[in-house]
Amino acid sequence: MPQWLNDSVFYEIYPQSFYDTNGDGIGDINGIIEKLDYVKGLGCNAIWLNPVYDSPFMDAGYDVRDYKNVAPRYGTNDDLVRLFDEAHKKGMKILLDLVPGHTSDTHPWFLESKKAQKSEYTNRYIFTKSVWDAPPQYRMMCGICERDGNYLVNYFSSQPALNYGFHEITHPEWQLPCDHPDCLATVEAIKDIMRFWLDKGADGFRVDMADSLVKNDDEKVATAKIWRGIREMLDKDYPEAAMVAEWCNPERAINNAGFHMDFYLDHHGNGYSRLFRYGDDEGNKGIFNPNGKGDIKNFTDEYLPAYELSKNNGYISFMTNNHDMPRMTHYFGMDAIKLAYAMIFTMPGVPFLYYGDEIGMKYQENLVSKEGGFSRTGSRTPMQWNSGKNLGFSAGDTPYLPVDTDENAPTVENQQNNPDSIYKVVTDIIAIRHANDDLHGNGDFEMIFEPGKFPFGYKRGKFVMLFNPLGKDSEIEINAKGVKKVYEIGTTEVADNKVKMSAQSFVTVSYTHLRAHETDSY
Ligand code: GLC
Ligand code: CA
């Protein structure tokens, strides 16, 4: 386990929208290098970079055409290596995005695979035996190449699925078992790509659709086996490298597949959305909405068992958002967002901050889809740096996506100068996290809550974090004798046996000067 993860806070950079240094309207790697100090200033000591590889950009670069070359619009491989080096000089880490489940349909492997003539790449993708063979349970493209067969796609039509074989074989005419040499060759090809970038200085990977490798693998046992093999390679040759899964099932991703971290995101209506997004089935918004209707139990029921099962093997990653979901501003007002962030950055695990969330960037409604973004496009608009041209994103005349046109658009500049800003909360809380071991990734954690009630909170070592998401004053009973207030949002008052909290408030208290066992009574 790479030790650095325990005190890491990640910043996700969507490269095309971060900072454009050559005026072509698209963010680039040099732009990221220029802004490393900004990222570090937030308290983020690691970066997850969305795909920067050569691609026709039918899915924002998740349709890779060449895994070993940086897309010219972002720069060169040398620029990327310079980014690794500059980051390392500042004590920061860089995770690349690994897309193992599919490639672009313009990838040279696929161009070979779809030929009638057989080659080393014939089985790199999953083709049926003939074009008349199209079982409806599989998503496939039919009759569009000279090879007589249809091929499975993993996501969009332009993303043919790589062939890792089938766990349960239902169509032996065209489905290969996972241990077929051609399927093992796919695994080797992915390992080769990983080694290529790790040897150049990358610190690991965020793994796209990590659970999607082997088909007909409902329990994901065969997919997990592949990842465990890859983890063995890391443990042996790159013990400091980290892998985070886009899986959202910590038991499978961390315990079974050997990932160091797993995303906690808006998948399958899980506890994440009940906290930070659309809420519950009755249409209530997530619990930080001041309507007071959500129930913290909806979250704890999902999260606590997953946390207990995986905590000794890896980290669950709480995230403000990512490039696939509407930003939190779409659901919550600023006061609620401050509380949500206070939670995200004080929970165990390894937190992730999506670019622009630190200044409360808006989810831009009704944008025409760009590069396969569709409804996600509104969360991918250019970073807002200052009041200059294109809000400081680009000196060019036509940024590839429009910048926020609102005259009150938040920018780094105006947020940094505002003592009441979301930026201030983010940087303050991340700083408190770094300064205290108890608040690091694997520090102790114990929820304090009663189903259906607010405020709620949790204990982490000598700290207690309390949240009042309600739109009205409220109080919670805890043994607060002699505690010290460390940080608050809103107004809170600590008495001996309770804490009074104003509407939408948060407080961290510490039992600093008590001995550990004296904090145990709730
Ligand atoms: C992941 C990515 C998403 C992409 C998809 C297909 O979910 O986060 O952006 O479109 O995989 O690669
Ligand atoms: Ca550029």
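All ligand and atom numbering here is 1-based and tracks the order in the structure. Keep in mind it's a predicted model, so treat the numbers as computed, not measured.
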Identify, for [atom], the protein heavy atom at the shortest distance, and state residue, atom and that distance.
{"atom": "atom 7 (O) of ligand 1", "result": "Glu246 OE2, 2.8 Å"}
{"atom": "atom 2 (C) of ligand 1", "result": "Asp208 OD1, 3.0 Å"}
{"atom": "atom 8 (O) of ligand 1", "result": "Asp324 OD2, 2.5 Å"}

Using a strict cut-off of 4.0 Å, indicate which atoms of ligand 1 neighbour a heavy atom of [X].
{"X": "Asp59", "result": "4 (C), 5 (C), 6 (C), 10 (O), 12 (O)"}
{"X": "Arg376", "result": "3 (C), 4 (C), 9 (O), 10 (O)"}
{"X": "His102", "result": "6 (C), 12 (O)"}
{"X": "Arg380", "result": "9 (O)"}
{"X": "His323", "result": "2 (C), 3 (C), 8 (O), 9 (O)"}

If I consider every N, O or S atom in [X], which one ends up closest to the Ca ion (ligand 2)? I only need its name.
{"X": "Asp28", "value": "OD2"}
{"X": "Asp20", "value": "OD1"}
{"X": "Asp24", "value": "OD1"}

Vertex the Ca ion (ligand 2), arms to Asn22 OD1 and Ile26 O, rounded to 10°: 150°

NZ/NE/NH1/NH2 to OD/OE distance under 4.0 Å, [X] and [Y]:
{"X": "Asp235", "Y": "Arg231", "result": "yes"}
{"X": "Arg327", "Y": "Asp357", "result": "yes"}
{"X": "Lys389", "Y": "Asp397", "result": "yes"}

Positive for side-chain contact (heavy atoms from CB on, under 4.5 Å) with Asn163, one of Val214, Leu213, Leu176: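 Of the listed options, the one satisfying the test is Leu176.
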
NZ or CZ of Arg206 within 45° of Tyr62 ring axis and under 6.0 Å: no

So, the side chain of [X] versus the backbone of [Y]: is there a donor-acceptor pair under 3.5 Å, distance only?
{"X": "Asn154", "Y": "Gln159", "result": "no"}
{"X": "Asn150", "Y": "Val131", "result": "yes"}
{"X": "Asp262", "Y": "Ile316", "result": "no"}

Whether Met325 lies under 4.0 Å from ligand 1, heavy atom: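 Checking ligand 1 against Met325, which is what was asked, there is no heavy-atom contact under 4.0 Å.
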
Mutual orientation of the aromatic rings belonging to Tyr151 and Phe110 [parallel < 30°, tilted 30-60°, perpendicular > 60°]: perpendicular

Contact (N/O only, under 3.5 Å) between Asn322 and ligand 1: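 There is no such contact.
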
